[in-house]
Each structure stands twice: as C-alpha cells, then as structure tokens.
Amino acid sequence: GAVVSQHPSRVICKSGTSVKIECRSLDFQATTMFWYRQFPKQSLMLMATSNEGSKATYEQGVEKDKFLINHASLTLSTLTVTSAHPEDSSFYICSARDFRAGGDAETQYFGPGTRLLVL
Amino acid sequence: QKEVEQNSGPLSVPEGAIASLNCTYSDRVSQSFFWYRQYSGKSPELIMSIYSNGDKEDGRFTAQLNKASQYVSLLIRDSQPSDSATYLCAVKGSGGYQKVTFGTGTKLQVIP
C-alpha cells in the first residue's frame with residue numbers, strides 16, 4: 001500500500017502560537033489530501049479537502065482562517081493551526097488519494113497523525 | 001440520520017472466536033466500502049476494501065457486502081488479543097472524486 005508520512009508526530013505549544021503540520025505522500029503522488037481531527041474517544045472529523053494547486057475545501061464549521069491549508073505539490077500538503085488555543089488540542093491526521101489516470105482513486109491512505117497539545 | 005452507522009461496542013469476544021462487525025449506510029449509490037482498524041492513539045490503517053456484493057476474504061478477515069440491504073460486515077476468524085482495536089467502516093459514492101464517509105467505529109476487545 002501507499003505510504004503517507006506526517007511531521008511532527010507530536011507537538012506542544014503555547015496558546016497563541018501557530019503550528020505547522022506537514023503531510024507527505026512518499027511513494028505516490030496525491031492529487032488530493034484530506035485533513036481530519038479526532039478528539040479522544042471520538043470518531044474522525046473531516047476538516048478539509050486539499051487539492052494540489054488550488055484552494056482547499058473546508059467542511060461546515062471549520063474556520064478557514066484558523067486552519068490554513070496549502071497543497072503546493074503532488075506530495076506535500078501542510079496544515080497550519082494559527083493562534084492555537086487549548087481547545088485546538090487534538091489528534092490531526094492526514095490522508096491521501098491519487099485521482100490521476102492509473103492511480104488508486106478509491107483508497108484513502110492515512111498518515112500516522114500529529115498529536116497537538118496547546119498549553 | 002447518520003450516513004454510516006456502526007454499533008460503538010465494545011464488542012467482547014474470547015480469543016480464537018469469530019468477531020462479527022456490522023455497518024449500515026444510507027446512500028444507495030455508494031459503490032466502494034472499506035474497513036479500517038485503529039489502535040488507541042494511532043491513525044487508521046486499511047484492512048480491506050470491497051466493491052461487489054458477496055464475500056471477500058483476506059487471511060483471517062472476510063468482508064461481506066449486501067448492497068440491496070445497504071449492509072457491510074467484517075468477520076475476523078480466530079480472533080487474537082492483537083485484534084483489539086476500533087474498527088471503522090467507510091463508504092464512498094460512485095466516481096473517483098466522491099468523499100469517503102466514516103462511521104464512528106466499533107471497539108473490539110478480544111479476551112485472552
């Protein structure tokens with residue numbers, strides 16, 4: 001299966017600072033990446049869909065100015081949590097799909113996740 | 001109405017038994033179905049995908065799909081304590097760009 005990496009795996013920051021999380025597809029090119037958030041004992045919540053070379057599509061209730069997404073290449077998408085607050089503490093997970101001809105558009109491959117703690 | 005429904009569990013089975021996990025979905029035009037396993041504190045990992053009615057087997061895992069009943073299940077034979085995790089059912093509509101919708105997951109506990 002395809003491999004997706006995330007960096008950092010864990011980050012602790014002070015309230016008010018910004019945190020950038022990287023998501024990379026290592027052995028395939030991902031035209032589309034997805035960002036999820038998961039609070040303890042809850043299910044995955046899709047935050048936004050990131051398309052290479054275009055603006056991200058945010059789910060209802062997700063603040064686009066707070067969660068900045070950039071998908072500048074076919075292998076890298078970044079999520080920046082701006083002015084983070086304790087309530088933003090969560091497990092952030094990215095996933096990727098390859099919509100190009102010949103790619104596996106059906107399957108969504110997940111990164112290992114980034115655990116964010118805002119003090 | 002939830003789009004993908006799963007019993008949250010926990011589902012407890014003894015080691016060596018068959019664990020049966022169920023999932024129903026509301027969108028009749030859904031075409032692709034996936035089972036993911038998520039260990040506590042980790043991200044989901046794909047176990048199986050199924051696209052056609054019937055059974056699909058992969059090792060100890062069997063996925064079953066019944067599109068008429070809008071029902072998909074996962075059977076785990078010879079359950080092991082290492083199978084203890086939350087199992088997520090995911091459903092996608094027809095067409096490559098359709099969004100994948102995840103259920104809330106069923107927690108499985110395999111008792112040694």
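Predicted, not measured: the structure shown is a model, and the values here were computed from it. Because only heavy atoms are used, hydrogens play no part in the values below, and waters and symmetry mates are left out as well, while side chains stay in.
Considering all non-hydrogen atoms of both residues, Thr107(A) and Tyr51(B) come closest at OG1-OH, 4.0 Å.
Of the two parts of Gln6(A), neither the backbone nor the side chain holds a non-hydrogen atom closer than 4.5 Å to a non-hydrogen atom of chain B.
The distance from the OG1 atom of Thr101(B) to the CG atom of Leu44(A) is 11.5 Å, given to the nearest 0.5 Å. Note: Phe102(B) CZ to Met45(A) CE = 13.5 Å, rounded to the nearest 0.5 Å.
For Lys55(A), the NZ atom sits in a loose shell: 12 or fewer heavy atoms of surrounding residues, nucleotides or ligands are nearer than 6.0 Å.
Both Val118(A) and Val11(A) belong to a single network of hydrophobic side chains, linked directly or stepwise wherever heavy atoms of I, L, V, M, F, W or Y lie under 4.5 Å apart. No single ILVMFWY cluster, assembled from side-chain heavy atoms under 4.5 Å apart, contains both Val4(A) and Tyr92(A). Note on Ile76(B) and Val110(B): same hydrophobic cluster, where clusters join Ile, Leu, Val, Met, Phe, Trp and Tyr whose side-chain heavy atoms are under 4.5 Å apart, directly or indirectly. Grouping the Ile, Leu, Val, Met, Phe, Trp and Tyr side chains by contacts below 4.5 angstrom, directly or via other members, places Val13(B) with Tyr87(B).
The salt bridge (Lys or Arg N to Asp or Glu O under 4.0 Å) check on Arg24(A) picks up Glu22(A), with sequence neighbours excluded. When the side chain to side chain contact (heavy atoms under 4.5 Å, CB included) test is applied to Arg77(B), the partners found at least two apart in sequence or on another chain are Ile18(B), Glu57(B), Thr62(B). Ser83(A) pairs by the side chain to side chain contact (heavy atoms under 4.5 Å, CB included) definition with His85(A), not counting sequence neighbours.
By a heavy-atom distance cut of under 4.5 Å, Phe34(B), Tyr36(B), Gln38(B), Gly41(B), Lys42(B), Ser43(B), Pro44(B), Leu46(B) are the residues of residues 34-49 of chain B near chain A, going up by number.
Using a 4.5 Å heavy-atom threshold, the side chains of Thr104(B) and Gln42(A) count as separate.
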